[in-house]
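Keep in mind that this is a model prediction, so the values were computed, not measured.
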Amino acid sequence: MDRLSKWINLAPTLIASLIDITVTIVHQPKAYWEGNLNKANEGNPIGAILMSSHVSGLFIISAIEVVLIMLLGYYLPRKISRYLLLFVLIAHSCAATTWIAKRYGYWSVMALALCNTLTYLIANNIIEKRTKTGF
């Protein structure tokens, strides 16, 4: 897979990750941002530990995760990369829905699922066309 195809392959997963990270940041209680680290609300055990250690913990774990996704998604063999990226896309979609469902309702969850599915299928279609045509 060429460089552009690798970045296209990464895009849906990075978008889903950034949506999950954003809703996690936005929906932390005010007390957390004011310094009460016991009010951190995070389902990921590693993220929860980092968030309860310092208010920047969420940003640190998010940055590490995004970098790992990019490195693994870009450098792993094509088939392994695609499986990993699909798994991470699904995982972040599910994680984001835990925030979205409670606050914005069922149809917002369905909209997220549709958007993530479409970005994945569009990226896959572009990669397949590039592979067939050599561009």
> Given the rule in the side-chain contact (heavy atoms from CB on, under 4.5 Å) test, do V23 and R103 qualify, once you have shown the distances and angles that lead to the verdict?
Replying inline: CA-CA 10 Å; V23 295; R103 289 158 181 85; over 6 Å; no
> Which of these passes side-chain contact (heavy atoms from CB on, under 4.5 Å) with L85: I90, I80, T13?
Replying inline: T13
>> So which atom in P12 and which in T119 form the shortest heavy-atom distance, rounded to 0.1 Å?
In response: CG-O, 3.4 Å
> So, for Y32 and L37, which heavy atoms are closest and what is the spacing to 0.1 Å?
Replying inline: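 So the two residues come closest at CE1-CD2, 3.6 Å.
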>> Please report the interatomic distance OG1(T98) to CD(E42), rounded to the nearest 0.5 Å.
In response: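 Answer for the OG1-CD pair, T98 versus E42, is 8.0 Å.
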> How long is the span from the CD1 atom in I25 to the CG atom in D20, to the nearest 0.5 Å?
Replying inline: 10.0 Å
Hydrophobic cluster membership, with links at side-chain heavy-atom distances under 4.5 Å among I/L/V/M/F/W/Y: are [X] and [Y] in one?
X: I21; Y: L14; answer: yes
X: V88; Y: L10; answer: yes
X: L18; Y: I122; answer: no

> Quick one: does Y120's side chain get under 4.5 Å of N125's, heavy atoms only?
Replying inline: no
>> When you compare the side chain of H27 with that of T22, does any pair of heavy atoms fall below 4.5 Å?
In response: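 No, side chains not in contact.
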> Are side-chain N/O atoms of R82 and N124 paired as donor and acceptor at under 3.5 Å?
Replying inline: yes
> Heavy-atom count around K39 NZ within 6.0 Å, excluding the residue itself: above 12?
Replying inline: no
Cut-off 3.5 Å, no hydrogens considered: what does the side-chain donor-acceptor table look like for residues 44-62, sequence neighbours left out?
| residue | atom | partner | partner atom | Å |
| --- | --- | --- | --- | --- |
| N44 | OD1 | I46 | N | 2.9 |
| N44 | OD1 | G47 | N | 3.2 |
| S52 | OG | A48 | O | 3.1 |
| S52 | OG | I49 | O | 3.0 |
| S53 | OG | I49 | O | 2.8 |
| H54 | ND1 | S56 | N | 3.0 |
| H54 | ND1 | S56 | OG | 2.8 |
| S62 | OG | L58 | O | 2.7 |

>> Working note: S5 + D2, criterion side chain to side chain donor-acceptor pair (under 3.5 Å); need CA distance, chi angles, decisive distance, verdict.
In response: CA-CA 5 Å; S5 293; D2 65 33; 3.0 Å; yes
Please tabulate, one pair per line, all N/O donor-acceptor pairs under 3.5 Å involving side-chain atoms of residues 64-77, not counting sequence neighbours.
| residue | atom | partner | partner atom | Å |
| --- | --- | --- | --- | --- |
| E65 | OE2 | H92 | NE2 | 2.5 |

List, one per line, each side-chain donor-acceptor pair under 3.5 Å for residues 106-116, sequence neighbours excluded.
| residue | atom | partner | partner atom | Å |
| --- | --- | --- | --- | --- |
| S108 | OG | Y104 | O | 3.1 |
| N116 | ND2 | S93 | OG | 2.7 |

> Does Q28 reach the main-chain N or O of N41 with its side chain, forming a donor-acceptor pair under 3.5 Å?
Replying inline: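 Yes: the side chain of Q28 pairs with the backbone of N41.
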